[in-house]
Structure formats: structure tokens, C-alpha cells
A.B. asks: 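Sharing a structure below in C-alpha cells format, with a few things to ask.
Below, chain A is the first sequence line, B the second, and so on; all start at residue 1.
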Amino acid sequence: MKIRLVYSKLGKVRFTSHRDMARVWERCLRKADIAMAYSEGFSPRPKLSFGLALPTGGESLAEYLDITLAHEWEPSDISELPRRLTASMPTGIDVLEAVALPLGVDSLQQAVTSCTWTIEMVGTTIERRSAQIAAVLDAPTLRVTRERKGKPVEDDLRPLILVLDPTEMPDGALGVLAELGTKPRAVRPSELLTALDPSLPTGRIRRLNQWITVDGARREPLAVGAAVDERTEVGAR
Amino acid sequence: MNSLWPELERLLGRVQKPARYIGCEDGVIVPEHAPHKVAWLLAYPDTYEIGLPNQGLQILYEILNERDDAVAERTYAPWTDLEAILRTERIPLFSVDTHRAAADFDVLAVNLSAELVYTNVLNMIDLAGVAIRADERGDADLLVAAGGHCTYNPEPLADFIDFFVIGDGEEVVSEITEVIRDWKTSGRTPGSRRHVLRELAKVPGVYVPSMYEVTYDGPALVATTPRYPDVPEQVEKRTVADLAEWPYPKNQLVPLTEVVHDRLNVEVFRGCTRGCRFCQAGMITRPVRERPADQVRTMVQDGLRRTGYDEVALTSLSTADFSGIEKVVADTVNDPANSGQVSISLPSLRVDAFTVGVAAQLQKARRTGLTFAPEAGTWRMRQIINKLITEEDLYSAVDSAYSQGWRRMKLYFLTGLPSETDEDTLGIAELATNCVEIGKRYNKSASVTVSVGGFVPKPFTPFQWFGQNTVDELSRKVFLLRDEVKRNRGVQMKWHDPKATLVEGIASRGDRRIGRVIEDVWRNGGTFQEWSEHFAYELWTDAMERAGLSIDWYVYRHRTEDEVLPWDHISAGLHKDFLWQDWRDALAEVGLEDCRWTPCYDCGACTGYGIEHIVASATAPAGGSQGTNQDHSHGGAVPVSILPRATVGAASR
């Protein structure tokens, strides 16, 4: 069976990379004695499926992980899981909730359609920020070029900027709150910052939510499992 | 408290791999600093990825933090990007545990395991905010200490290090703490630094270079003599008699970011008496002290459970020699608690003890890389270096591995060995080719990677008198071999830069005058010299010239029996006449048996200190031509029982 869990990543541990976190998770699941299913082949690996990578240095209140377990679990054991895992994870990682996933749910990479971020704008002023937000929102297109497999590829970011508002960071520093699309590719917070003001250094960023939008309805990834459950139950009656 | 973290946090977004600097490892100890506690900053002079796994540093970290009168934190060399930022922002070297400035500590203790890090040591002392030269540091400054294998020739760093520790650190670190604690609690009065150093010089195993006078006659060293009567003429190494009393590290640190040797490491024995003549580690760490097999099993099982690792390395200088190795390996692999997912790696595996039995056990979980070290290409050469493994030993080990499903392996060799001819060098290619042929019987894509290092003669080995091969000669041999190896597509070859080998040679057997060269290279920006992208050969050759020192004298010249060596005032317990006789035997192509299972030939390592080998098994391991009274000219047949091969993937669910 598969379970999906959500965790936060705050403090010093935010400087670990996505790859680092994959290794930390593998070890911590073994430490917590969670029997995982393994892949076949010469070097079997536990079946873990991570969501969209969080940039190294970024904090998050909404990181997701799908785990394929070796056995079926009782719902009461699943509800115990956040406490057990938080105890085995490094300081700064708190597992907030875990749910069983019904069969056939899309992977996080496939399913997540947008993420909400707060992005610090180091040393800016309220006036400059307002003007820059307005300029981005008014632009018909925002073309960026990046290199892929040695060839320049041009993308338009503008359709992927779904929400862009001024906000304050927890310590009162100026920033923006942005919902950024992930299809066909995820816009990185740093790309938005460059679009707003290329002169700014990288400040703090924090992912607040990941969203799965289906037929216009926006849900959090844990709710997807619950929603499918309801449908199956209705259908079974 | 005095944490630099708020400042660092703003800056880490600008550097590569910032997780190197955050600490937060599983197993980390929260230190409680106090005025009566000696604060140690344990430093590894290379990147976090290389330094974090260092077992010596982790052992001392635990022992010190268990004491009531000490705290220990760790630091690693900041990479060049962070170093530039630290210097611009005027932020000193800091600990990764609580991000305290180096100045908050009483001792900066550096691990020396390779010569090419010496300039990094100077850089870290400088970043710590004190003078790099020991004689320019004052009473308020921290003490700079060094330990590790390279301290057996401390002289090249003598100008920069306040005190060196020779040998095992487990016991002496506490004795040193007590001396420094008394100094600290007495208020470090003006002029007392000199006094504490004098006191440290009386601790067995501690060498304080400023307490010794060095005299020269032209380029030749005449003597290194103590300045005071209470300072020992010769500093004896420290040896812990019984490893069972030191089950450290108890809580191996598990890093959040990827490091080398990223696995559980359990030291199964210390010391080695195989007697390979090129091997400094084998000479200076004698006698053999095995950890009891039960303790090994406990440390493996507890360690796996606590860390969540799925790989454990049983470490030593030659793990296949551990008494009952097959049982320890089998018990670990077959323990139901490990659910078939734990793999074992045995670094430093001798081919003459690698049997199909061991191979079959090793590949039950994930198959780890396999490396053998024949070291030389011909039997003649292997007799000279006393690595008495025969071609048959190697081929049967290789056959065992391929037959159990390995498809590639690594073979380590040295070139530039005493009396080496081109036939010996080309013998490497022949061995590798034959190994690939064996592999092809089992798998069409079988291959072998040959890794070739240039030989650097080391202090306290029988080869300490040998003149190292020149850069040109090493390059010629490497290319000769490369051209030969090219003819076989199954053999890949990697080699160590002969220029880097030369620089290692300068530091390996250098005297105190080489300190000027190291300082010159550092002042000209030569840090991270073991990283090929930073290695700067010309900085070293220019510095030698500026110092008026000859590479030929320091590196290429053969030494004579009566020559005073720069490390003569240090003792590894080995009698100098034993080493000289072994050097003569080498040139006569005479091998020497392993004394673990045969009568003592009085090298000095046991008798001098009144300690003995601790070996659980009275007989030598299965297979092996060395020390087993087998005919050296033929080598031993490896007794094997072919085990049924486990189905791949059987362990997965």
C-alpha cells in the first residue's frame, strides 16, 4: 500500500538539497522501522516518490512524500506515523500528517499543478515593489531563455504566474506572495525574483502550499486521497 | 550564545553545497561550554565531505565530550567560495556544531592524514584569527595541535604547530586536557604559554617542536636535540593496548549531505603485521589489536539500528585477516533484523583471503564495489615490497568475484618502487588482461579498472632510505603502461599525477626547513592541493627555489645508513636496525613472514612497549601464501566451497 505524508522544512536543515533529503528520508524510515517495499534489480532501492524539488536554502510548510509500504497498515498505525517519523528526522523537519493513498493516484510530480511561495525582496522599498509587481502582471509575456541539453530553450513565464501580491516575511522584511504554475514546467522562485528585479540578491523563500487543480477545483495533495476515497465509497454503495 | 549563525545564514545562500556548514548530524552532541572546561575545536583540513567520516576525529569528539572538564566541536576547511566571503565579511573559522568562532576555543586540533593538506592547515590557522607561526602566538591565543599518521614526520609543520600527538589518541587526549585545564583555570597569566607547552612536552606521546633545537651542516641534518633536561630526547608513540576498551565511535555521526564513505564504519582491528614495506600505516600502528568478534557484532547491529544506514564497512588495514571474518560477515548479512537489505563492504581486502564464501555473502544484498590491491605487477616486485600474494591468489580471488556476479573490479598498483624495471611495470597490464579474461568466462562485459599511484617513500618504513622516482621517470612509466593497456578494451586505467607525487615526496621526508616552502605556497594561494583543479605544481617548485632547497636532495636522493633522519627523535617503536635489515632484504628480493602466526623477529613494536598482538585465531586465515608456512614460490590454493548463488532480487518484496 501507498501512503502520502506532508512535512515542513525550517531552520538550518533548509540548506540541504533535494537529493540530500532523499537519502535522509531513506535512513530515517529504516531507523523508525517502517518496512518499505523495494525495487527489483541489482541494487534494490526503497520505493519513495518525492514531489517537486524545493530549491536548496528554501524553507517549506508543504513538502510531500509518497511511500510504498511492504505490508498493509491499519488506519490507527498511519495516524501514529507523523509522531514516529518526526522523532527520527533531523531538527527542522516536522511530519504534519499522513494518509493512505488509494490505488491509481497520480504521482506528486505528475499531479501537482501549482505552488504558493513567499519570496523575500532584500533591500527593496514598498514603492519599488508595487511598481515591479504591476509591471510583471501587466506584461503580456515574460520570455526567459535557458539552456537544455546544450540548446537554448525559450519559455513564457507569464501564464504560470497565477497570483502575485505584496507580503511581509515573518520578521517584517518585504517580499511577495506568489502562486506559480508547474505545467509544462515549474517556475522557480528565483526566476520570478529576476523578472521582478534582476538587481536583487537571493533572499529567503518559503513554500506555503502545493496544489492539485482538477476541473477547476484546487485541492492540497493529501485531500486528493480523501476525495478519491469518498468517490469509491459512494460507488461501492 | 556567541553563535555566528545569524551572520552565516545570510551568506550560505551564496555558496555551493551549503549543507557542508550547518552541522545538524544525527549523533551530534550539544556542547556545554564552561570556564573550567577545555574547549577543543577538532579540525579536518579538507572539505566536510572528506573530513566528516574521519573516524579518528569522531572518536576524540566523543571521548572529550564524555569528560566533565572538556567540550569538543568540529570544523572543516571552508571551500574557496565561502573562504572568500569569510575574508571579505571578516568572519572567522567557525565550528559546525554551534557555529562558534575559533577564538572561543582553547585548542585547534588538526587531523593530518595526507601531505597535500598542509597548506590548508595554515589556511585554517589563519582563518581562526591567530598567527600562523607558533612563536608569534600569545597567551590569549588558542593552542594549535596536530595528530594523525603524518605526525610521524612532524618537522615540515614544526613552525606552525604548538604540539603534535604521536600515535593512538584515545588515552593521551585526556592527559593533554588535564594539563591545559590547569593552565586555563590558573588564568593564563602573561608568559604562561611557554610553561604550558613545557608541561605538554612531558606527556608521553606529545611532541612540542619549540622545545627542540635543530642543527645542520650545509644541507645535511646533524641533530634534533631537546633544549631542556625534562624534555624527552625521543618522543615515543602512544598505543592503546586493547581495542575492546574503546568501542568508539559509539554514536557515529550521520551527515545530512553526501560524504565519502557514507555508511556505518566499524573498526575491527588496528595495526597490521603483513609487513608490506611501502606501507607506513602497517609499520607505525603495530601490534595487531583485534576487537572481539562479539563487540564487532554488537557495534554493527546497534549502529545499523541507530543510524538507518544500509551499508556497513568493517574497517582495518586488511579486513580479511580478521579472525572469523566469514562468520561476522554471514551473521550480519543473515540477521533477520536487516531484512536482507544491508550490504557489507570490506575495504583493504587481501586477495589471498577473498574466497567464494566471502564473495557469496557479500553479494546477497546490494553488491558493493570490489577493489583488490596487488600493488605490483610481477612476483619479483611483490617480493621486494613484501606483498607476497601470487598470481594464482589474485586469479582465484578474481574468479570468485566474477563467478558470484561481479562484472567489474578495481585493482590498485604502485609504480616507482625500488629496483622496478619496465618489465615489472608492464606486468601490471598483463595481470589486468588476465583478470579480464577470467571475467569473460562469466560475463562478456567483464572489465577491470587499473589505478596506478606513484610511490612516495614514507618515514618509519624500510623504504625510508629509497630515492623517489623523478617526475619524468614516473610519467614515462605511466605512459608506457597506458599504451600497453590501451590494447585491451576491457582494461581502463587511472593514474595519480606524478607532479602531485613529487609534492607529497617533499613533505613526506622533509625537515623543518620545508616549513618555509609550505608557507610560501600558502601565501601564494595554494590551498586544496589534493584537488586536481587547485593543484599548483609551479607554486611548489618556485617555493623550493626561493627557499634555496633542492628537490633532488629532499626527494630523489637515496639515503645512507648513517644519515640522521628528520624524524629520528620520534619513535614508532620500530628499531632502526630492523628497518635497515628489512631494506637490505627487500633489495635481495627476500620476503618476510607475518609475525602474527610465526615467531617474533623483534621489530620493536611489541617488545619496546610490553604489549602483544591480540588475535583471536591462532591460525592464519584460509588461503593466503603469507605467514601460513606455504611455499612462497607457488602460493597457496584457496580452499573454497562453491555456494549456490542467491537469486538476484530475492530479497525484494
Side-chain angles (χ1 to χ4, degrees), chain A residues 9-47 55-59 68-71 85 87-93 120 122-123 171 173 189-190 193 200-205, chain B residues 3 5-6 8-28 30 96-99 254-259 262-264 303-311 337-343 363 365-369 405-407 647-653:
Chain A
K9 184 182 185 187
L10 299 167
K12 289 181 180 176
V13 73
R14 70 191 173 92
F15 288 107
T16 56
S17 70
H18 188 65
R19 277 192 50 186
D20 290 337
M21 283 308 295
R23 265 191 308 272
V24 169
W25 269 109
E26 257 189 53
R27 285 197 302 256
C28 287
L29 287 161
R30 275 195 297 264
K31 250 169 69 172
D33 229 355
I34 312 290
M36 297 172 277
Y38 279 74
S39 63
E40 307 277 316
F42 277 114
S43 49
R45 305 306 321 163
K47 289 186 178 170
T56 302
E59 293 188 318
T68 309
L69 299 169
H71 320 284
L85 288 175
S88 79
M89 287 295 281
T91 307
I93 304 287
E120 187 183 13
V122 179
D171 64 351
S190 59
L193 190 65
L200 293 188
T202 310
R204 282 164 299 170
I205 62 164
Chain B
S3 177
W5 179 253
L8 287 166
E9 189 176 20
R10 287 186 299 107
L11 305 169
L12 288 187
R14 288 156 52 186
V15 303
Q16 289 176 38
K17 302 187 186 174
R20 288 164 166 175
Y21 310 110
I22 63 172
C24 300
E25 299 88 349
D26 190 357
V28 80
V30 181
V96 297
D97 302 73
T98 63
H99 299 94
V254 184
L256 300 187
T257 188
E258 193 169 18
V259 299
D262 200 359
R263 59 194 180 203
L264 180 69
L304 288 172
R305 204 168 301 128
R306 189 190 68 77
T307 61
Y309 274 124
D310 63 350
E311 183 180 346
N338 299 336
S339 32
Q341 300 298 351
V342 169
S343 58
Q363 60 88 58
R366 253 171 325 112
R367 194 168 291 130
T368 52
W406 270 273
R407 280 177 295 183
T647 325
V648 169
S652 49
R653 282 174 218 151

A.B. asks: By a 4.5 Å heavy-atom criterion (distance strictly below it), what part of A:Val24 contacts chain B: side chain, backbone, both, or neither?
C.D. replies: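 A:Val24 touches chain B through side-chain heavy atoms alone.
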A.B. asks: About how many Å separate NZ of A:Lys31 and CZ of B:Arg306, when rounded to the nearest 0.5 Å?
C.D. replies: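 One gets 7.0 Å once the value is rounded to the nearest 0.5 Å.
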A.B. asks: Which heavy atom of A:Lys12 sits nearest to which heavy atom of B:Cys24, and what is that distance?
C.D. replies: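 For A:Lys12 versus B:Cys24, the nearest heavy atoms are CB-SG, 3.7 Å.
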A.B. asks: At a heavy-atom separation under 4.5 Å, does B:Arg14 approach chain A through its side chain, its backbone, both, or neither?
C.D. replies: neither
A.B. asks: For a quick test of reading the model, state the closest non-hydrogen atom pair linking B:Pro18 to A:Thr56 and the distance between them.
C.D. replies: CG-CG2, 3.8 Å
A.B. asks: Answer yes when B:Asp26 and A:Arg27 have at least one side-chain N-carboxylate O distance shorter than 4.0 Å, and no when they do not.
C.D. replies: no
A.B. asks: Locate the shortest heavy-atom distance separating A:Asp20 from B:Ala19; write the atom from each residue and the value.
C.D. replies: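 In terms of heavy atoms, the two residues are closest at OD2-CB, 4.0 Å.
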A.B. asks: Drop me the distance from B:Leu8's CG to A:Phe15's CZ, to the nearest 0.5 angstrom.
C.D. replies: 9.0 Å
A.B. asks: Let me confirm one number: the OH-CD distance from B:Tyr309 to A:Glu26, rounded to the nearest 0.5 Å.
C.D. replies: 12.0 Å
A.B. asks: Do you know which of B:Ile22, B:Leu256, B:Thr257 has the most heavy-atom pairs under 4.5 Å to chain A?
C.D. replies: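 Of the candidates given, the most pairs with chain A belong to B:Leu256.
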A.B. asks: What are the two closest non-hydrogen atoms of A:Arg19 and B:Glu258, and how far apart are they?
C.D. replies: NH2-OE1, 3.0 Å
A.B. asks: Should the pair A:Arg14-B:Glu9 be classified as a salt bridge under the 4.0 Å nitrogen-to-oxygen rule?
C.D. replies: yes
